[in-house]
Amino acid sequence: MSETAVPNPIVKSFSTYIMNTVDRIMNSLSGLDEQQLNWRPPAPETNSLYVIASHVLMSTQENILKILGGIPAEQLPLKAATRDEIFSTSGNTTERLMEDWSKLRSVLESQFRVITENDLAREINHPRRGKITGLEVLLAVTSHMAEHLGHAELTRDLVKAL
């Protein structure tokens, strides 16, 4: 990807939405204790706020940096984790998650500035979605983040009501 003087306006719109959504998910953790961070709603296949935040960070890194950006795994800011590791994680504070978001945010901001029209049009072999364009990667990340923002906000409301 070549550096451009002015960010692509389409990418700028997606990046603003994605970054703001992840910020809101991370802010949903604010003021919660260990039990609240790790509480899961009493329904099958639900996740704690800690898991939701961990998953959002890893998914965003994978899709924007690795899949769309082509950054090798060893150069990614966050240590790779398996799906099982992510969905079974827990923590006693938000410190690690906030540090991870800070590291990831910086690299994402740089990456969004260098995505070109060609990158948006280029077909990519996505590991779970098959052949999709770079633009479709951004659409997938955006919709995925929106789902998890809803999960996070509802889970926070439920945990605060206990």
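This chain uses plain numbering: 1 for the first residue, then up along the sequence.
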Which distance, rounded to the nearest 0.5 Å, do you find between the [atom1] of [X] and the [atom2] of [Y]?
X: Ser48; Y: Phe87; atom1: OG; atom2: CZ; result: 10.0 Å
X: Ile132; Y: Ile67; atom1: CD1; atom2: CD1; result: 7.5 Å
X: Ser90; Y: Leu49; atom1: OG; atom2: CG; result: 13.0 Å
X: Leu138; Y: Ser143; atom1: CG; atom2: OG; result: 11.0 Å
X: Arg83; Y: Met58; atom1: CZ; atom2: CE; result: 12.5 Å
X: Asp33; Y: Thr94; atom1: CG; atom2: OG1; result: 11.5 Å

Whether the side chain of [X] engages the backbone of [Y] through a donor-acceptor N/O pair (distance < 3.5 Å, no angle test) should be reported.
X: Thr46; Y: Pro41; result: yes
X: Thr89; Y: Glu85; result: no
X: Ser15; Y: Lys12; result: yes
X: Arg122; Y: Gly134; result: no
X: Thr60; Y: Val56; result: yes
X: Arg156; Y: Leu32; result: no
X: Asn38; Y: Gly91; result: yes
X: Asp119; Y: Thr116; result: yes
X: Gln111; Y: Leu108; result: no
X: Ser13; Y: Pro9; result: yes

Would Gln35 and Val159 count as a side chain to side chain contact (heavy atoms under 4.5 Å, CB included) here? Give the steps. CA-CA 9 Å; Gln35 182 179 359; Val159 79; over 6 Å; no

Just to verify, what does [X] make a salt bridge (Lys or Arg N to Asp or Glu O under 4.0 Å) with, not counting sequence neighbours?
X: Arg24; answer: Glu153
X: Glu117; answer: none
X: Arg129; answer: none
X: Glu109; answer: Arg105

Side-chain touch [X]/[Y], heavy atoms, less than 4.5 angstrom:
X: Phe112; Y: Thr16; value: no
X: Ile52; Y: Ser28; value: no
X: Leu135; Y: Phe14; value: yes
X: Lys131; Y: Ile124; value: no
X: Ser59; Y: Val141; value: no
X: Leu120; Y: Thr133; value: no
X: Thr155; Y: Trp39; value: yes
X: Val107; Y: Lys103; value: no

Minimum heavy-atom distance [X]-[Y], with the two atoms named:
X: Pro77; Y: Gln61; result: CD-OE1, 3.3 Å
X: Ala146; Y: Thr21; result: N-CG2, 4.3 Å
X: Leu68; Y: Ile64; result: CB-O, 3.5 Å

For side chain to side chain contact (heavy atoms under 4.5 Å, CB included), just list the numbers for Met98 and Leu29, CA-CA rounded to whole Å, side-chain angles, deciding distance to a tenth of an Å, and then say yes or no. CA-CA 10 Å; Met98 295 306 178; Leu29 309 173; 4.3 Å; yes

Taking atom CD as the centre, does Glu123 end up with more than 12 heavy-atom neighbours from other residues, nucleotides or ligands that are less than 6.0 angstrom away?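 Counting other residues, nucleotides and ligands, CD of Glu123 exceeds 12 neighbours.
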
Sequence-distant partners of His144, ring-ring contact (aromatic ring centres under 6.0 Å, His included), two or more places apart: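 Partners of His144 by the ring-ring contact (aromatic ring centres under 6.0 Å, His included) criterion, ordered by chain and then number, come out as His55, His148.
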
Same cluster or not: are Tyr17 and Leu57 linked, directly or through other Ile, Leu, Val, Met, Phe, Trp or Tyr residues, by side-chain heavy atoms under 4.5 angstrom apart?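 No; tracing contacts between hydrophobic side chains, which count when under 4.5 Å, never links both residues.
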
Show every salt bridge (Lys or Arg N to Asp or Glu O under 4.0 Å) that has at least one partner inside residues 62-73, sequence neighbours left out.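 For residues 62-73: Glu62-Arg128.
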
